[in-house]
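Here is the naming used below: chain letters follow the sequence lines, and residue numbers restart at 1 for every chain. Heavy atoms only: backbone and side chains are in, while hydrogens, waters and symmetry mates are out.
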Number of protein chains: 2
Amino acid sequence: MPASSIRARVRAEMIDEIKAVARRHLATDGANLSLRAVARDMGMVSSAIYRYVPSRDDLLTALILEAYDGLGDAVEAADASTDPHDLRGRWHAVCRAARDWALAHPAEYALLYGSPVPGYAAPDDTVLPAQRPPLTLVGILRDGLADGRLTVPAEEPPEPVRADLAALADVFFPGMPAALLARGMAGWTQLFGLISFELFGRLNQTISHRDTYFGHQVDLMADLIGLPRPE
Amino acid sequence: MPASSIRARVRAEMIDEIKAVARRHLATDGANLSLRAVARDMGMVSSAIYRYVPSRDDLLTALILEAYDGLGDAVEAADASTDPHDLRGRWHAVCRAARDWALAHPAEYALLYGSPVPGYAAPDDTVLPAQRPPLTLVGILRDGLADGRLTVPAEEPPEPVRADLAALADVFFPGMPAALLARGMAGWTQLFGLISFELFGRLNQTISHRDTYFGHQVDLMADLIGLPRPE
DNA sequence: ATTCGTCAAGAGCAGTGCTCTCTATTTTGA
DNA sequence: TCAAAATAGAGAGCACTGCTCTTGACGAAT
């Protein structure tokens, strides 16, 4: 059906343009995205936009999903393009990639890692893409463990947490010691804490050299995790 | 003027009740607080509420300020009621107090540490109360430095950051080495990263023993900072 | 050529922040 | 004590929001 598909293609293009305009609005007006405003920007009447988008929340969800994917892509690409044996280099690259993406897409970052939207509940298809950054980080630790460049911390986390972490490891990184995974989670927490503080203005009038500050803090965390220093 | 003060007192009570109702709404509906809904809850017509509150944003600001104060009080009280020489104990107590406050006031926490409200710009009178938690944390390090229980990290942060941190230290903690302050900031970042992840659902279906997990992660950070372990 | 699905538009409902005006009450000052 | 002034509340109204329903037009398939 070639005749029908031109219709379908136009429709797909419309949806893409709606998303693009919505992303633009997101950047200026934050999470209170207005479908009417988007429609206006497209020379459409407000009701017409409901032909393409079921609701405001669905549009937001679509944007969130694409944002997760964008961040995940950036993070994984950074990891893949670094010497696999340079653990600390990979860690830095991944953290930098996450920060760069966040700085380039602040509104979308806020959507992902800011306060959850009141009525809005994240649908299940967001949980997997949301896990890509932490998985990438812990993947570095897994590799370091595999080729012996990384030593497992001596002491285990307290029991109930050890079990939680072991269960988590079983799913994604079979055999990874809980103590190491715990350090990976600490790094993950630190990373997004850092980005959030910078993006949400917590560093204003305090730290002016954000770039070096970020690098240094990431380095501190790499020390805690035990990533070998470059010689 | 006793006659005048009864009016003033009623007025103050009204404002307090408005804030209380608003806080309640905040808890259920998040940051999109509706003045009309608050007015309705008080049996008032919507326009009447503007006699007591200049605007929605002003009400939000008032709530934010009180929230900062509540968190600051909790944090400082926890620090004050712990053996001053037990550095790690104080660190834990402060972190726990922050988390406890956040768990008890999730909506207000989101207001403080979530995505910034689009149009809203934090007024200047919020910056001081906002600094109380990090100042409390770094105060522990200052005390540790003073009585020799804490050793200064060997290496300095990279130069531009060292200068930033030195300037910051000059204001609040004269003489504190930049390297130690950097670790304090790392702890501060970690703390609110931890709380945000827990509160914003990042730990769902992963960590079930939140309490022990939190304690363990805080402990990891205390290790990085170099807080002496209890014997 | 006619049916049928799709699209756009308009009106409308319920909600929002906020302003203005009007009235009743309370406080204040002479 | 009594009038003037300040204050509280109510109502209407403006511009905005998400969303629904109906109506009319257009294009594609039978």
Atom-to-atom span, [atom1] of [X] to [atom2] of [N] - whole angstrom:
X: A:D41; N: D:dT17; atom1: CG; atom2: P; value: 11 Å
X: B:E17; N: D:dA8; atom1: CD; atom2: P; value: 15 Å
X: B:Y50; N: C:dT16; atom1: OH; atom2: P; value: 11 Å
X: A:N32; N: C:dG15; atom1: CG; atom2: C1'; value: 15 Å
X: A:D57; N: D:dG18; atom1: CG; atom2: C1'; value: 10 Å
X: B:D58; N: C:dG17; atom1: CG; atom2: C1'; value: 13 Å
X: B:L35; N: C:dC18; atom1: CG; atom2: P; value: 6 Å
X: B:R56; N: C:dG15; atom1: CZ; atom2: P; value: 18 Å

Below 3.5 Å, can you tabulate the donor-acceptor pairs from side chains in residues 35-44 of chain A to any protein atom, sequence neighbours excluded?
unit_1: A:D41; atom_1: OD2; unit_2: A:R24; atom_2: NH2; d: 3.3

Legend entry - Geometric class of the B:F197/A:W188 ring pair [parallel <30°, tilted 30-60°, perpendicular >60°]: tilted

Got a sec, which residues hit side-chain contact (heavy atoms from CB on, under 4.5 Å) with [X], two or more places apart in sequence or on another chain?
X: B:L224; result: A:L220, A:L224, B:M221
X: B:V127; result: none
X: B:V138; result: B:F173, B:M176, B:L181
X: B:V218; result: B:W91, B:H92, B:C95, B:L194, B:F214

Inset, instruction - Tell me what A:L33 touches on the nucleic acid: a base, only sugar-phosphate, or nothing, going by heavy atoms under 4.0 Å. - result: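 The answer is sugar-phosphate, as A:L33 gets under 4.0 Å only of primed atoms, P, OP1 or OP2.
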
Inset, instruction - Would you classify B:S46 as touching base, sugar-phosphate or nothing, given that sugar-phosphate means primed atoms plus P, OP1 and OP2, and contacts are heavy atoms under 4.0 Å? - result: base

Legend entry - Where at least one partner belongs to residues 65-75 of chain A, residue pairs that pass side-chain hydrogen bond (donor to acceptor under 3.5 Å, both in side chains), sequence neighbours excluded: A:K19-A:E66, A:R23-A:E66, A:Y68-B:R202, A:D69-A:R132, A:D73-A:R132

Inset, instruction - Calculate, to the nearest 0.5 Å, the distance between atoms OG1 and CG belonging to A:T212 and B:D164 respectively. - result: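 Answer for the OG1-CG pair, A:T212 versus B:D164, is 8.0 Å.
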
Inset, instruction - Using five pairs at either end of the helix from C:dA1-D:dT30 to C:dA30-D:dT1, determine the angle between the two local helix axes and round it to 10 degrees. - result: 10°

Legend entry - Distance-only donor-acceptor test (3.5 Å): side chain B:R36, base C:dG15: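 For B:R36, whose side chain was compared with the base of C:dG15, there is no donor-acceptor pair (under 3.5 Å).
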
Taking N or O atoms only and anything under 3.5 Å, show me the protein contacts with nucleotides 6-9 of chain C, one pair per line.
unit_1: C:dC7; atom_1: OP1; unit_2: A:R11; atom_2: NH1; d: 3.4
unit_1: C:dC7; atom_1: OP2; unit_2: A:R11; atom_2: NH1; d: 2.9
unit_1: C:dA8; atom_1: OP1; unit_2: A:Y52; atom_2: OH; d: 3.3
unit_1: C:dA8; atom_1: OP2; unit_2: A:Y52; atom_2: OH; d: 2.7
unit_1: C:dA8; atom_1: N7; unit_2: A:R51; atom_2: NE; d: 3.4
unit_1: C:dA8; atom_1: N6; unit_2: A:R51; atom_2: NH2; d: 2.9
unit_1: C:dA9; atom_1: OP2; unit_2: A:V45; atom_2: N; d: 3.2
unit_1: C:dA9; atom_1: N7; unit_2: A:S47; atom_2: OG; d: 3.1

Inset, instruction - Report the residues that fulfil salt bridge (charged side-chain N to carboxylate O under 4.0 Å, His left out) with B:D143, sequence neighbours left out, ordered by chain and then residue number. - result: B:R90

